[in-house]
Amino acid sequence: MMECFSPETVNHLKYYVYTYADPANHEIFYIGKGTGNRIFAHEKDAAQDRYESNKIERINQLNQHGQQPELHIIRYGLSETEAFILEAGLIRTFLYCHPQSSFNSDIDLTNKVAGHDHNQTGTPGELELCFAAPTITCAAISLPHAVAIMIDQPHLMLSVASFKKHQALIKQRVCGDWCMSLYKAQQVQTVIALIKNTNGLIAGVYQVQGMPQVIKAPTPKHPQHKRIRFHLKGMPSDLIGKRLNLNRKVGAQLPFKYLW
């Protein structure tokens, strides 16, 4: 088994995008990017039981049957930015061609995330909805004590019909767990689900049922915050499919904004 490249090869490869595949059927189960000897790192991790993941489990299953994954570099000679873009595009293409697959799947792609800026893609109708759907301001929201929460749903088709069809999935994702002030969370009466990287596209509106559940104690970074989970009930709303203008970028650490 080859374990590393020569310095000469590393110098020529620069950044690259690679795949791991099952040698029996050539089915790709992991797409990655890297430089140097990154492509060999996952086999070493599996051999040393260094990490637990579906990717490592898949490699170990092959090894137990006397097989090794097929490694293939899709494109080399890239800049880091180009590698990010290509990796995300390949992952999105894989998911589009295999709609039954999901992240953390033992059968299909084992990537934990969809790649850098993976939401910068879509059908013509999806992109039209993202950029041209009617926009409303936070001040125009008449719902009592509402909080807008950004969620990541890379498998969800961006359309009003799709949002309405998959309300159970959206509600499950938006209910928590969220790192927020318990005092503020106890005042929340309405939760608005926004899809990440869609210019504030509203996918669901939910009424809070009872008091929020405290899942986890405060963290050192946010000592005043707790991990909160809401109990929600879907609400019929004409806001679904519109874009909410938040007037600021919602961060990854605190992906929400109180609207009162």
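These values consider heavy atoms only, across backbone and side chains, with no hydrogens, waters or symmetry-generated copies. What you see is a predicted model; the values in this text were computed from it and never measured.
- Enclosure of atom CZ in Arg173 by more than 12 non-hydrogen atoms of other residues, nucleotides or ligands within 6.0 angstrom is indicated.
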Legend entry - Working for side chain to side chain contact (heavy atoms under 4.5 Å, CB included), residues Asn245 and Ile136: CA-CA 6 Å; Asn245 184 2; Ile136 57 173; over 6 Å; no
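- Clustering ILVMFWY residues whenever any of their side-chain heavy atoms sit less than 4.5 angstrom apart, transitively, puts Trp260 in the very cluster that holds Val208.
- Considering only heavy atoms from C-beta on, Phe29 stays 4.5 Å or farther from Thr19 through its side chain.
- Closest of all the heavy-atom pairs between Ile141 and Ala146 is CG2-CB, 4.5 Å.
- Residues Ala203 and Ile170 approach most closely at O-CD1, 3.7 Å, considering heavy atoms.
- Contact between Met180 and Ala185 at its shortest, heavy atoms only, is SD-CB, 3.6 Å.
- Annotation: side chain of Phe230 is not in contact with side chain of Gln213 (no heavy-atom distance under 4.5 Å).
- Under a hydrophobic clustering in which Ile, Leu, Val, Met, Phe, Trp and Tyr are joined whenever their side-chain heavy atoms come within less than 4.5 Å, directly or via other members, Met211 and Ile228 fall into different clusters.
- Using a 4.5 Å cut-off on side-chain heavy atoms (C-beta onward), Pro212 and Trp178 make no contact.
- Within the cation-pi definition used here (under 6.0 Å to the ring centroid, within 45° of the axis), Lys33 does not qualify as a partner of Tyr16.
- A donor-acceptor distance shorter than 3.5 angstrom exists from the side chain of Thr93 to the backbone of Gly89, with no hydrogens or angles considered.
- Met235 is listed as a side-chain neighbour of Thr190, based on a closest heavy-atom distance under 4.5 Å.
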Inset, instruction - Give the intermediate values and the outcome of side chain to side chain contact (heavy atoms under 4.5 Å, CB included) for residues Leu246 and Cys138. - result: CA-CA 6 Å; Leu246 295 175; Cys138 295; 4.0 Å; yes
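- A continuous path of hydrophobic side-chain contacts links Leu13 to Met2 [ILVMFWY only; heavy atoms under 4.5 Å].
- Taking both residues in full, the closest heavy atoms of Ser162 and Ser159 are given as N-OG, 3.0 Å, listed atom of the first, atom of the second, then distance.
- The hydrophobic cluster containing Leu232 also contains Val214, counting ILVMFWY residues as joined when their side-chain heavy atoms lie under 4.5 angstrom apart, directly or transitively.
- Under a 4.0 Å N-O distance rule, the pair Arg58/Asp22 qualifies as a salt bridge.
- Annotation: ring pair (Phe, Tyr, Trp, His ring centres under 6.0 Å) contacts of Tyr15 (sequence neighbours excluded): none.
- Looking at every heavy atom in both residues, Leu239 comes nearest to Ile202 through O-CB, 3.5 Å.
- The two atoms that bring Leu194 and Gly200 nearest to each other are CD2-O, 3.7 Å, heavy atoms only.
- Note on Asp177 versus Arg227: no salt bridge recorded, every NZ/NE/NH1/NH2 to OD/OE distance being 4.0 Å or above.
- Using a 4.5 Å heavy-atom threshold, the side chains of Val188 and His145 count as separate.
- Between Gln187 and Gln189, the side chains place no donor N or O within less than 3.5 Å of an acceptor N or O (distance only, hydrogens not considered).
- For the pair Lys171 and Tyr206, the cation-pi criterion (under 6.0 Å, within 45° of the ring axis) is not fulfilled.
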Legend entry - Derivation and outcome, side chain to side chain contact (heavy atoms under 4.5 Å, CB included), residues Lys257 and Leu259: CA-CA 6 Å; Lys257 180 179 179 180; Leu259 304 185; 4.2 Å; yes
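- Here the side chains of Leu201 and Leu244 are not in contact, with every heavy-atom distance at 4.5 Å or above.
- Taking the side chain as every heavy atom from C-beta outward, Glu43 and Pro69 approach each other to under 4.5 Å.
- At a threshold of 4.5 Å between non-hydrogen side-chain atoms, the residues Tyr18 and Leu71 do not count as touching.
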Legend entry - Derivation of the side chain to side chain contact (heavy atoms under 4.5 Å, CB included) call for Ile39 and Ile73: CA-CA 8 Å; Ile39 191 172; Ile73 291 182; 3.7 Å; yes
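- By the 6.0 Å contact criterion, OH on Tyr76 is open, its count of non-hydrogen atoms from other residues, nucleotides or ligands being 12 or less.
- Aromatic ring centres of His42 and Tyr20 lie closer together than 6.0 Å.
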